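For ligands, and for the atoms within them, numbers begin at 1 and follow the listed sequence. Just so it is clear, the structure is predicted and the values come from calculations on it, not from any experiment.
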Amino acid sequence: MRILLVEDDEALRSGLCEALEQAHFAVDALGAAEPAENALASTTYDLAIVDIGLPGIDGFELIRRVRRRGIGLPMLVLTARDSLEDRVVGLDQGADDYLVKPFDVPELLARMRALIRRSRASSGAQLNFGPLALDLTGRSATLEGEALELTGREWGVLEQLMLATPRLVTKKKLADSLSQWDKEITPNAIEIYVSRLRAKLADSGVVIRTLRGIGYRLEDAPRDA
Ligand code: CA
């Protein structure tokens, strides 16, 4: 899943990026509202984390503008100002939740999961394909009920394949969904993640089929007797 983080405090921004990446999110991070408005208009994110106190346009105004454009992604506000008024204004402008600084990372992750779960309530928070299950809110994968260890990138590829099934996913779409601005993922890198996933799914009854020059698709495979 792809997250936009808008935070002008550089130390906090890089610390959060690291923590979110460890939790298997792809993160784009910005320090001001204007570029964030453009990013939200041009890229599909699963969630935005927005600091209120930003240079130039503040987080309240950013949220107001984003909602006015009709962009409906979940938005979580970070505020250093522990005033009831700020929280009310933020929620009134269209934020979905808020966290008061300083906060703990597990608390942030829990709030993010709750927001993502709510926004995906209609589609369900678990994806299944044969013996394979992905818990989108808990960010865990199982194969035949056993925990399946995946890196963040492997998780991202598998998530896109499962979301798309029975349709295929193009290599470009996979690369876009995993990319962060500072770490561009090439289609060639996607081939590496797919081959690692194939190794982990060996003899599971699930295969990742290559559609040459187009992309990939999850398929059932007969198991070896
Ligand atoms: Ca700030």
Can you tell me if Gly53 has an N, O or S atom under 3.0 Å away from the Ca ion (ligand 1)?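 Gly53 does place an N, O or S atom closer than 3.0 Å to the Ca ion (ligand 1).
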Identify the two heavy atoms, one from Ala133 and one from Gln126, that lie closest to each other, and give their separation to 0.1 Å.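 Taking every non-hydrogen atom into account, CB-NE2, 3.7 Å.
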Using atom types as modelled and distance alone, determine if a side-chain donor or acceptor of Ser195 lies under 3.5 Å from a backbone N or O of Ile192.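 Looks like yes, one N/O pair under 3.5 Å.
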Give the name of the N/O/S atom in Asp8 that lies closest to the Ca ion (ligand 1). OD1
Would you name the N/O/S atom of Asp51 that lies closest to the Ca ion (ligand 1)?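 So the atom name we want here is OD2.
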Measuring from Thr43:OG1 to Leu73:CG, what's the distance to the nearest 0.5 Å?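 Nearest 0.5 Å value for the OG1-CG distance: 11.0 Å.
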Would you please test Arg67 and Asp96 for salt bridge (Lys or Arg N to Asp or Glu O under 4.0 Å) and show each step? CA-CA 11 Å; Arg67 293 304 188 218; Asp96 298 282; 2.9 Å; yes
